[in-house]
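Beneath this line is the structure, given in structure tokens, with notes to follow.
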Protein chains: 2
Amino acid sequence: MEETSHHSEQLRLHGQKITKQRLGILAVLETADTPLTAQDIHLRLNLEQFPISLSTVYRNLDRMLAEELIVKQGFYNDKCQYAIKRSEHFHSLICLACRKVVTIEECPLEQFSRDLGRREGFQITEHHMELYGYCPECVRKEGIASHAPKAT
Amino acid sequence: MEETSHHSEQLRLHGQKITKQRLGILAVLETADTPLTAQDIHLRLNLEQFPISLSTVYRNLDRMLAEELIVKQGFYNDKCQYAIKRSEHFHSLICLACRKVVTIEECPLEQFSRDLGRREGFQITEHHMELYGYCPECVRKEGIASHAPKAT
DNA sequence: TTAGGTGCAAAAGTTTTGCGGGCTG
DNA sequence: CAGCCCGCAAAACTTTTGCACCTAA
């Protein structure tokens with residue numbers, strides 16, 4: 001795989017040893033078109049004839065999170081999901097039917113945060129934002145009717 | 001407590017029996033100035049000489065969530081938190097030091113969602129958004145230095 | 001060679017479920 | 001008094017940890 005050398009480089013830069021397991025985790029996350037839970041990763045690697053223990057997955061996710069090679073992105077059934085960190089700042093548009101994720105580079109919250117922070121006296125340092133809906137394919141396939149947006 | 005009659009009314013409207021336990025959960029959430037985990041609620045009720053079992057807390061949170069008396073709002077150590085549903089649509093500004101929450105009624109995402117949905121062909125139905133930072137008190141007390149915002 | 005990584009098994013922590021008894025309406 | 005609800009205990013899961021062995025550098 002061509003990505004592997006890039007991942008090796010990243011691991012080296014962050015002072016982590018290059019192991020089959022770490023490359024495997026990164027490769028799975030790289031390939032996935034949705035964020036994955038620890039279990040998802042474990043399952044996929046084992047299906048690919050790539051035995052790895054679940055504790056190794058957890059340990060490495062923690063480590064990679066600390067080194068900011070990956071990010072926590074969204075939740076599925078109250079379990080957190082992980083994804084490759086692709087850019088400094090992005091948001092996600094997530095299909096509620098097939099869980100596909102589209103990355104949004106623009107962010108309408110920069111200006112909003114500054115104004116709000118000034119007004120409330122808060123020092124705002126970060127934000128989370130995800131948009132949910134149905135992707136074109138799922139709208140077509142599942143005949144999802146148009147309905148008014150709600151938010152949480 | 002004055003809120004109790006309001007809560008009783010809500011429970012009745014949603015076809016739930018009025019029990020001490022349910023009123024207790026709603027009262028705790030009403031009083032709290034941060035969203036709470038199931039454990040938080042259990043602990044607070046028991047401290048108030050109000051014995052309740054943890055499974056009852058979980059069962060009723062699920063039920064109240066389904067009936068939309070409460071909402072899931074944010075995560076703390078990867079555990080989900082619950083809060084009284086106060087309005088159709090709001091967002092939160094959360095202090096990273098003391099976990100205090102300020103509710104934001106305005107939303108910069110309405111227009112953004114419409115435009116984005118049109119561009120991506122998505123039917124966007126909802127969104128999540130939370131802002132994080134340090135409240136005036138914590139900035140003062142803990143002398144938190146100014147630093148560049150980051151986002152996730 | 002050796003520090004750090006891995007697998008296994010056990011522990012810790014969270015959430016769900018079955019059941020007998022109790023309370024609300 | 002009937003049906004729903006509660007507490008308790010056990011089960012099902014998710015995540016963390018200790019330890020002996022292994023491997024990348």
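Side chains included, hydrogens not; waters and symmetry mates left out as well; all remaining heavy atoms used. Bear in mind the structure is a predicted one, so any value in this text is a computation, not a measurement. Reminder, nothing fancy here: chain letters follow the sequence lines and each chain counts from 1.
- Taking atom CD of residue B:E67 and atom P of nucleotide D:dC4, one finds them 14 Å apart after rounding to whole Å.
- End-to-end axis angle of the helix from C:dT1-D:dA25 to C:dG25-D:dC1, from C1' rotation axes over five pairs per end: 40° (rounded to 10 degrees).
- For the contact set between residues 56-66 of chain A and DNA chain C, defined by any heavy atom under 4.0 Å, the members are A:T56, A:R59, A:N60, A:R63.
- Qualifying salt bridge (charged side-chain N to carboxylate O under 4.0 Å, His left out) partners for A:D115, counting only residues two or more places apart in sequence or in other chains: A:R118.
- Judged purely by atom type and a 3.5 angstrom limit, B:N60 has no side-chain atom pairing as donor or acceptor with the backbone of B:I25.
- When rounded to the nearest whole Å, the span between CG of B:L36 and C1' of C:dT14 equals 17 Å.
- By the salt bridge (charged side-chain N to carboxylate O under 4.0 Å, His left out) test, B:R12 pairs with B:E9, sequence neighbours left out.
- As a whole-Å value, the separation of B:H42 NE2 from C:dT16 C1' is 15 Å.
- For the 3.5 Å distance criterion, the side chains of A:T56 and A:S53 qualify, holding a donor opposite an acceptor.
- The distance from the OH atom of A:Y134 to the CD atom of B:Q123 is 8.5 Å, given to the nearest 0.5 Å.
- Regarding B:L23, its CG atom lies at a distance of 10 Å from the P atom of D:dC6, rounded to whole Å.
- With sequence neighbours excluded, no residue forms a side-chain hydrogen bond (donor to acceptor under 3.5 Å, both in side chains) with B:Q16.
- Residue B:K72 contributes atom NZ, which lies 13 Å from atom C1' of C:dT14 at whole-angstrom precision.
- With A:R99 contributing its side chain and A:I94 its backbone, the two residues share no donor-acceptor pair below 3.5 Å.
- Between the side chains of B:H91 and A:H127, no donor N or O sits under 3.5 Å from an acceptor N or O.
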Along nucleotides 20-25 of chain D, 5' to 3', which nucleotides get a B, which get an S, and which get a -, given that the test is a protein heavy-atom distance under 4.0 Å? ----BS
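- A distance-only check finds a donor-acceptor pair linking the side chain of A:R22 to the backbone of A:K17 [under 3.5 Å].
- For an aromatic pair to be called close, the ring centres must be under 6.0 Å apart, and B:Y58 with B:H42 fails this.
- One cannot find a donor-acceptor pair under 3.5 Å joining the base of D:dC6 and the side-chain atoms of B:S55.
- Between the C1' atom of D:dT15 and the CG atom of A:D40 lies a distance of 15 Å, rounded to the nearest Å.
- A sub-4.0 Å separation between OP1 or OP2 of D:dT14 and a side-chain N or O of A:Q39 is present.
- In summary, the side chains of A:H89 and A:E105 do not present any donor paired with an acceptor at a separation below 3.5 Å, with no hydrogens or angles considered.
- Note on B:L54: a base of the nucleic acid sits closer than 4.0 angstrom, heavy atoms only.
- The CZ atom of B:R22 sits 11 Å away from the P atom of D:dC4 (whole-angstrom rounding).
- Between A:Q81 atom CD and D:dT15 atom C1' there is a gap of 16 Å when expressed in whole angstrom units.
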